[in-house]
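Take a look at the structure below.
Note that ligands are numbered from 1 as they come in the structure, with each ligand's atoms numbered from 1 the same way.
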Amino acid sequence: AQWHSVGSVDSTVVRDGNLVTLYSEHDFVEVSFLADDLVHVRAGHGSPLQTTTSVAVVKNAWPALRPRIDDSPKQLLVETNEMGMVVQKFPLRISFYDRTGEPLNADDAPTGMAWNRSEIRVWKTMPADENYFGLGEKAGKANRKGSAFTMWNSDIPAYTADTDPLYQSVPFFYGIRHGRAYGIFFDNTFRSSFDFGKESPDRYSFGALGGELNYYFFYGPSPKKVLSRFTELVGRAPLPPLWALGYQQSRWSYFPEQRVREIARTFREKNIPCDVIYLDIDYMEGYRIFTFSQKNFPNPKKMISDLGADGFKIAVIVDPGIKADSTYHAFRSGLTSNAFLKHQDGTLFIGKVWPGECAFPDFTSPVARRWWGDNFRVLTEAGVRGFWNDMNEPSVFDAPTKTVDLDVIHDDGGNNTTHAKNHNTYGMLMTQSTYEGVRGLRANERPFVLTRASYAGGQRYSAAWTGDNVSSWEHLQMAVSMCLGVSISGQPFVGTDIGGFIGNPSGELFARWLQLGVFTPLMRGHSEIGSPNKEPWMFGRKFEKINRETIELRYKLLPYIYNVMVQASRTGIPAMRPMYFQYPDDPGSSSNETEFMFGDDILVAPVLWEGDTTRELQLPAGTWFDFESGRKLTAGRKVTVNAPLGKIPFYARAGAIIPTRQIVQYTDQAPIDPLTLTFFPDSSSSTLYYEDDGRTFDYTRGSFFERTIQQTVSNKGIHVRISNAQGSYRPAPRTLVARFMAVPSMPKSVVCTAQRLTMMGEPHLASSAQGWSYNVKSQIVTVKIEGRPFEILIDIVTQ
Ligand code: MIG
């Protein structure tokens with residue numbers, strides 16, 4: 001292997017006061033600022049071509065920016081209000097600075113950017129005190145320092161902490177040093193690799209087997225700012241349908257129809273809430289996608305509508321492989337539509353998967369995507385609501401590469417490129433085709449798509465789960481870091497197979513895993529064919545009760561969880577956040593891999609070890625409260641709490657205002673009533689409360705309900721202002737319960753006023769508190785108000 005560093009700069013061309021191209025004898029490097037904190041770097045051989053369309057990037061037009069450019073013989077300096085970049089010319093090396101001139105990141109002096117035939121790579125200096133996070137779905141330690149990783153979507157059942165690569169490729173990572181973060185997104189879809197000091201202790205590198213050295217540099221300093229900008233570039237997750245945040249039950253496979261009905265009935269008989277039941281591959285006729293088995297599901301429409309009357313939504317699996325069977329409608333129409341992947345000689349690529357020999361759709365072709373999407377009519381007309389995309393790495397049995405041959409041709413926007421280039425985006429493009437197809441067929445309904453394989457930006461189309469895990473305590477621990485890694489890489493809607501896909505969990509392991517599931521946005525139990533059944537009631541009476549209460553807690557918290565997902569869809573900041581992500585300045589947070597934040601307000605410390613009935617917490621600075629009792633945790637960075645089997649250790653931060661609802665058996669069983677707001681004291685804090693119909697896109701046209709809730713606490717008492725509602729959606733009239741935790745003494749008075757703004761904008765007194773109470777023992781004040789969409793003021797006078 002012979003690496004050639006990019007040559008020294010011969011000439012520089014500046015266009016539009018921002019896009020700078022530097023030429024060496026054989027290479028070019030192009031740099032431009034898209035925003036004050038975002039630089040795009042492209043490098044290649046020859047002359048710069050039009051950038052080929054990126055599957056990930058959705059924002060291509062950025063507001064014009066005029067950075068200060070100083071082009072001198074030795075170096076190019078470009079500066080914005082937030083950062084600077086120096087391109088040293090002899091030899092060409094790039095480095096980034098913050099506005100005070102502190103170095104952020106630099107090409108490694110001896111090599112920098114380099115080529116080796118079609119391979120490309122950049123080496124960067126690695127400060128001893130810098131740590132690395134991100135890269136999406138990786139099984140090992142959250143801090144990627146000291147390890148190397150590959151991006152190549154792979155189907156690896158029963159993976160371990162050392163397995164790499166896995167199902168998804170998100171070539172985006174953070175460098176964090178002294179709490180200050182930058183991000184790098186290497187938008188290259190070929191097999192790529194990242195080495196954070198494994199090769200050498202003082203430099204790190206990333207590169208790929210082909211394509212351009214095309215990356216984006218994001219400057220924080222906060223990790224949140226980096227992620228928010230990254231998701232502005234590659235897109236954010238749309239709002240999920242509310243029911244997809246309920247409990248979901250899957251197994252390989254529930255069939256025939258009677259068995260599906262029995263599972264549904266058991267949930268209702270046992271009063272264990274559940275919204276979704278999955279049909280795995282056995283619902284089909286000989287594994288032919290877009291069919292139902294005549295024997296096992298003779299009347300799917302009837303079954304789905306009966307179950308629908310009881311609150312269940314049905315999700316079905318779809319694999320990409322289309323059985324090569326000339327009597328099968330999807331194979332025939334796929335041929336007619338020229339939808340399948342072909343070898344260079346024009347013959348079909350055929351690979352074996354569940355149905356036997358299969359053709360594979362070319363999801364890079366818009367025609368194939370439309371063909372695929374239209375095929376969902378069979379499923380949507382039967383009433384199917386969820387679409388589970390599996391095997392889309394794509395996984396191929398018996399093939400030496402376990403996937404499509406690397407020289408198979410993809411349309412790729414008419415460029416006819418190889419599978420080597422399109423492998424890592426195959427799964428994501430399948431989810432795009434699925435999402436768009438289903439959205440077209442069920443016009444105003446939010447689609448729910450779940451995928452195993454994806455690429456950067458995949459959150460635009462689907463939720464993701466972490467594939468074929470194992471029923472072990474180690475896998476429960478991995479579930480935390482994997483979901484966090486996926487979350488900070490842009491995908492907020494993530495979860496694991498609760499209980500483990502492969503194997504036989506103890507009641508204790510299942511119960512602890514389900515508890516973690518309350519705080520993973522996707523809460524889905526799933527298990528392998530042949531493994532023991534793992535429904536929440538399968539572990540004996542004691543655990544059935546614990547598991548019911550766990551799922552009930554999920555339903556109670558749904559208004560909060562929904563609001564956290566709203567925040568994710570608006571800002572890109574995910575539900576699950578590592579401690580270093582939320583509290584970058586907190587010492588020790590970067591090595592805390594077992595606690596996380598769920599939204600702004602809740603710290604989760606799941607029990608992840610067999611036999612443990614206590615939990616040691618490592619708390620960031622500030623005051624923390626037990627969520628249920630409102631008791632203040634004793635101050636100190638390390639606290640040990642009781643965590644018996646039924647207890648999920650999770651805590652509210654000071655100032656948290658957390659909306660909850662009454663327990664229901666499924667999300668749309670009854671409207672929220674009462675809506676409870678629980679206030680944890682802090683001198684001042686505020687939150688947004690959002691609600692909509694939970695199902696359609698009407699919210700994009702103003703049909704939502706949104707209030708700002710502010711709380712101030714002083715030695716005189718507590719003052720709350722709930723703003724007049726924004727948006728045109730109105731929940732049915734209901735009771736609002738405001739609970740104030742940790743109120744040390746009986747209030748002297750509680751006054752509540754609700755003001756209706758008239759058409760003229762003049763306030764009128766419209767109602768007053770229906771009543772309030774104080775519980776001396778628990779120190780909780782409860783105020784009940786008949787909720788109305790106008791401004792509400794609550795004054796609790798304690799002195
Ligand atoms: O070759 O559809 O990860 O969740 O149950 C196995 C059967 C195919 C792999 C998925 C798993 C699913 C299973 N699938």
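Of the protein's non-hydrogen atoms, the one nearest atom 5 (O) of ligand 1 is Asp280 OD2, 2.5 Å. Protein heavy atom at the shortest distance from atom 8 (C) of ligand 1 is Asp390 OD2, 3.3 Å. Protein heavy atom at the shortest distance from atom 4 (O) of ligand 1 is His526 NE2, 2.9 Å. Of all protein heavy atoms, the one lying nearest to atom 3 (O) of ligand 1 is Asp468 OD1, 2.5 Å.
Between Lys301 and Glu381 no salt bridge is recorded (no basic side-chain N to carboxylate O distance below 4.0 Å).
A cation-pi arrangement is absent between Arg554 and Tyr247, since the terminal nitrogen or guanidinium carbon is not both under 6.0 Å from the aromatic centre and inside a 45° cone about the axis. A cation-pi arrangement is present between Arg524 and Trp388, with the terminal nitrogen or guanidinium carbon under 6.0 Å from the aromatic centre and inside a 45° cone about the axis.
Each of the atoms 2 (O) of ligand 1 lies under 4.0 Å from some heavy atom of Ile281. Proximity to Ile317 (heavy-atom distance under 4.0 Å) selects the following atoms of ligand 1: 2 (O). Atoms of ligand 1 found under 4.0 Å from any heavy atom of Trp354 (numbered from 1 in listed order, with element): 1 (O), 6 (C), 8 (C). Atoms of ligand 1 lying under 4.0 Å from at least one heavy atom of Arg452, given by number and element, are 3 (O), 9 (C), 10 (C). Residue-ligand proximity, Phe501 to ligand 1, at heavy-atom distances under 4.0 Å covers atoms 4 (O), 5 (O), 11 (C).
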| field | Stepwise ring pair (Phe, Tyr, Trp, His ring centres under 6.0 Å) check, Trp252 with Trp354 | value | CA-CA 13 Å; Trp252 178 9; Trp354 289 105; 5.4 Å; yes
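Neither the backbone nor the side chain of Tyr167 comes within 4.0 Å of ligand 1, counting heavy atoms alone. Contacts between Met391 and ligand 1 below 4.0 angstrom, taking non-hydrogen atoms only, involve the side chain exclusively.
Heavy atoms of Trp388 approach ligand 1 to within less than 4.0 angstrom.
Side chain of Arg369 to main chain of Thr434: no donor-acceptor pair is present (N/O by atom type, distance under 3.5 Å, no hydrogens or angles).
A search for salt bridge (Lys or Arg N to Asp or Glu O under 4.0 Å) contacts involving Asp280 returns nothing, not counting sequence neighbours. Taking Arg288 as the reference, Asp325 meet the salt bridge (Lys or Arg N to Asp or Glu O under 4.0 Å) condition, with sequence neighbours excluded.
Within the 4.5 Å cutoff, no side-chain heavy atoms of Ser395 are placed close to those of Lys402.
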